[in-house]
Structures are given as structure tokens and as C-alpha cells.
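One structure is given below, encoded as C-alpha cells.
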Amino acid sequence: MPSVLIGRRRRTRQIRAGSLKIGGGAPVSVQSMCNTRTEDARATVDQCRRLEAAGCELIRVAVPDMAAARKLGRIKAAIGVPLVADIHFDYSLALEAVRQGVDKVRINPGNIGDKARVAEVARACKAAGVPIRIGVNAGSLKAIRNSPRPRWTAAKWASVMVKEALDEVRLLESLGFRDIAVSLKADDLDRTVLANRLFARRCDIPLHLGVTEAGSSLAGTVKSSAALSLLLADGIGDTVRVSLTEDPALQVRAAYEILKAFGLREYGPDLVSCPTCGRCQVDVEKAVKQVEETIYSSPDLLRRSKGMKIAVMGCVVNGPGEAREADFGVAGGKGRGVWIERGKQIKVVKESEWVREIIRKIRSGK
Ligand code: SF4
């Protein structure tokens with residue numbers, strides 16, 4: 001159930017990237033981007049498969065040159081998730097990506113060139129049934145080409161970002177092309193949130209959300225979470241990406257955790273664990289890490305544990321009480337713990353057996 005904090009989802013038109021529905025009431029989907037060299041098709045396919053196993057629903061790859069563009073067909077054929085070609089500067093790469101059969105093209109109008117080139121990409125995409133994401137980044141706006149560091153307020157930045165996005169939308173729509181998504185990203189909360197709120201009021205085009213260059217694992221997740229939370233609470237957002245200087249599979253997990261907190265998507269278990277304190281005589285941190293690593297590296301466990309509430313608590317003073325609402329879990333003693341199922345204390349389990357017992361319980365599904 002979506003959180004009561006979530007406003008009514010914004011009504012958008014629906015587009016499709018391969019089999020994935022975006023907008024128009026479809027679930028908010030999770031996107032990530034490979035950090036392999038795309039022309040190294042084998043490495044890219046390997047990473048795509050890891051992302052797919054982690055639940056990624058749309059995978060973007062950089063297409064910096066024709067060598068990369070010509071590998072897209074091979075990559076696409078080897079994976080089961082829709083593939084997005086990320087194009088900057090050279091519109092001919094977008095045309096090649098479409099020929100290679102990608103499911104979506106992302107272009108940055110600030111650096112793709114003149115209108116005639118954008119129009120040519122639109123014509124090719126229309127003929128192939130491929131949607132286009134207009135990706136507007138604050139750092140590459142046309143308006144700042146000659147003044148790279150304007151002293152604008154966040155509201156001014158947002159209005160320029162939205163104007164540039166809408167200019168491209170109008171150009172595409174004037175060509176009869178309507179399968180459009182838009183993203184408006186900056187590296188800070190204010191511009192990202194204001195731009196997306198403003199755009200959402202102006203048209204019915206699905207929005208891909210993210211904070212660009214968000215940062216390292218912890219800082220980037222917190223910043224992305226803050227921005228996405230404000231927008232999702234407004235009912236805005238159709239696809240999301242958490243951009244981290246990290247393994248792309250972790251980006252997938254971070255995105256799902258945000259959506260899961262809002263009740264917008266289910267993803268693995270709700271793992272409740274205590275922060276530990278001076279009463280704790282077991283290694284809760286280690287157990288939780290091991291449980292997470294085991295679940296999130298196994299598509300089967302990820303699927304089976306969906307919606308389960310599992311508790312790992314440090315002691316029996318507060319543990320059993322706090323674990324009461326969990327489907328099952330364990331509350332520590334000294335080198336052992338009380339196994340609890342739906343509030344009932346069932347047995348005692350040695351600390352060394354906790355992870356195995358939790359995984360066994362997920363597998364049994366009871
Ligand atoms: S469950 Fe026990 S060990 Fe964990 S924080 Fe609470 S009192 Fe401390």
C-alpha cells in the first residue's frame with residue numbers, strides 16, 4: 001500500500017520502452033546505468049545481467065562513439081531488460097543506436113546540435129517505435145553556454161531548465177512525435193525539485209527522476225532520497241535512478257529502498273534491525289550484512305523474501321517486543337538468540353546459525 005504521505009500520482013501519458021510501461025499509472029520503475037565501456041560488449045552484458053538480477057528494469061549505456069553504438073545490438077540480444085542508449089553531441093550515434101534495436105534513446109538537447117538533427121533522430125525513433133528521453137542537466141543548459149556560472153536563484157535555474165525541456169518537447173511534438181519522457185537533473189536538491197515540480201504542472205509527459213552526480217554511496221543516497229522523497233510525495237515521478245559513485249547494482253537497491261519506504265514498490269524484505277547498544281552481546285551488524293548480502297545477490301531469495309518483515313535485534317530486553325510485528329526474527333542473548341515468529345518465542349538459536357536460519361526460513365516461505 002502506498003504511504004499516506006504520497007499524493008495522488010500525477011496523471012501522465014504512457015510510453016513504452018520495449019516491454020516496460022512508463023507513466024500513465026504504471027508502477028514507478030527503477031533504472032540504472034552501466035559504467036563499463038560499451039564497446040566491450042562482454043563486460044557490459046555481464047554488468048547488465050548483474051543489474052537485471054538486482055531488479056533493474058531499464059538499463060542505460062553510454063554511447064560515446066560509433067564503436068560503442070555498433071555493439072548495442074549484441075548487448076540488447078544478450079539481456080532481458082530494455083536498453084537505453086545515452087547520446088551526447090553526435091546525433092548520428094542516436095541513428096545507429098536505433099538501427100541496432102535499442103528500446104529508448106536519451107538525448108541531451110543542450111549538446112545534440114541544431115533542430116534539424118534532433119528532428120532526424122525523432123523521425124528514426126518514430127519509425128522504429130522507440131521513445132526519446134529529453135535529459136536536461138543544469139550543467140549543460142544552452143542558456144549557460146556563454147556564461148558557465150550564472151548567479152541565478154534556484155527558481156531561475158528551474159525555469160530555464162523547464163523552458164529548454166519544453167522547447168525540445170514542442171519540437172518533437174511538432175514532428176508528430178509524442179513518445180517522450182523528460183528528466184530535469186541538477187546536483188542539488190533545490191534545483192532538481194523545483195524544476196520537476198514546475199515541469200509537472202506544465203504538461204503530461206512522464207518524468208524520470210534523479211539527482212545528477214549525487215556523490216558517494218552514503219552522501220549520494222541521502223541527497224537522492226531527500227529529493228526523490230519530496231517529488232514522490234507530490235505524486236511526481238515515473239522512473240527513478242539513484243546516481244552514485246558506486247557499483248550500479250547498489251544504485252538499483254538504493255532506488256528500490258526509497259520506493260519501498262513509500263510503499264510504491266516491493267523489493268526484498270523489510271529488514272528491521274536495531275542499532276545495538278551497551279546491552280548487546282552478539283554481532284548484529286555482521287549478521288545483518290550477511291543476511292543482506294545473501295538475499296541481494298540471489299534473485300530467488302529476493303523474490304521469495306518480497307514483503308517479509310524480518311527482525312534482527314541485539315538483545316532480549318527490547319528485542320522480542322520490537323520484533324513482535326515481524327514475520328520472524330531473532331533477538332540476541334550471549335552468543336545465542338531467541339527465535340521469534342509472529343510475536344511468539346519459538347526456540348533458541350546459536351549466533352553462528354542465525355544467518356542460515358533466516359535464509360532457510362525465507363526459502364521455506366512460511
Ligand atoms: S534491541 Fe537491545 S541491544 Fe538493540 S538497541 Fe535495543 S536495547 Fe540495545
Side-chain angles (χ1 to χ4, degrees), residues 1-5 54 215-226 228-229 233 242 244 246-247 249-250 252-298 301-366:
M1 281 290 286
S3 158
V4 293
L5 301 172
S216 63
S217 179
L218 178 63
T221 301
V222 171
K223 193 196 278 187
S224 298
S225 171
L228 263 52
S229 295
V242 175
L244 303 174
E246 253 293 356
D247 177 358
L250 196 72
V252 173
R253 203 173 137 204
Y256 272 111
E257 292 296 345
I258 294 167
L259 296 176
K260 192 164 83 177
F262 277 109
L264 287 168
R265 296 296 300 270
E266 285 192 325
Y267 182 71
D270 183 5
L271 192 56
V272 180
S273 58
C274 82
T276 76
C277 70
R279 293 189 188 91
C280 188
Q281 297 185 74
V282 284
D283 194 340
V284 174
E285 191 180 334
K286 184 173 156 200
V288 168
K289 272 193 187 136
Q290 285 179 352
V291 168
E292 284 197 336
E293 275 164 16
T294 311
I295 292 172
Y296 290 104
S297 61
S298 160
L301 287 173
L302 201 50
R303 185 177 48 77
R304 285 177 188 268
S305 63
K306 201 184 261 189
M308 285 181 175
K309 191 163 186 171
I310 303 168
V312 182
M313 310 300 285
C315 79
V316 287
V317 175
N318 289 332
E322 292 173 16
R324 193 175 299 136
E325 289 178 26
D327 294 308
F328 59 90
V330 67
K334 191 170 182 180
R336 60 190 61 233
V338 180
W339 184 261
I340 302 157
E341 292 183 13
R342 294 193 172 78
K344 284 199 184 123
Q345 299 187 17
I346 303 290
K347 57 186 175 184
V348 171
V349 179
K350 279 199 294 191
E351 184 184 358
S352 58
E353 292 295 313
W354 285 10
V355 176
R356 217 189 315 263
E357 191 68 18
I358 289 169
I359 299 302
R360 191 196 61 72
K361 187 74 185 162
I362 292 171
R363 284 223 166 86
S364 77
K366 294 175 198 140

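Only a predicted model underlies this, so the values are computations on that prediction, with no experimental measurement involved. Note that ligands are numbered from 1 as they come in the structure, with each ligand's atoms numbered from 1 the same way.
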Counting neighbours of CZ on Arg356 that are heavy atoms of other residues, nucleotides or ligands and sit closer than 6.0 Å, is the number greater than 12? no
Here the atoms of ligand 1 under 4.0 Å from any heavy atom belonging to Gly314 are 1 (S), 3 (S), 4 (Fe)
Taking only non-hydrogen atoms of Cys274 and a 4.0 Å limit, the atoms of ligand 1 in range are 1 (S), 4 (Fe), 5 (S)
Could you pull out every donor-acceptor pair under 3.5 Å between side chains of residues 283-295 and any protein atom, sequence neighbours left out?
unit_1 : atom_1 : unit_2 : atom_2 : d
Asp283 : OD1    : Lys286 : N      : 3.0
Glu285 : OE2    : Lys289 : NZ     : 3.2
Glu292 : OE1    : Arg253 : NH2    : 3.0
Glu292 : OE2    : Arg253 : NH2    : 3.0
Thr294 : OG1    : Gln290 : O      : 2.6

task: Check whether more than 12 heavy atoms from other residues, nucleotides or ligands sit under 6.0 Å from atom CZ of Arg336, and answer yes or no.
output: no
Is the closest basic N to carboxylate O distance between Lys344 and Glu341 below 4.0 Å?
no
Practice task
Output yes if Cys315 passes the N/O/S-under-2.8 Å test against atom 4 (Fe) of ligand 1; output no otherwise.
Solution key: no
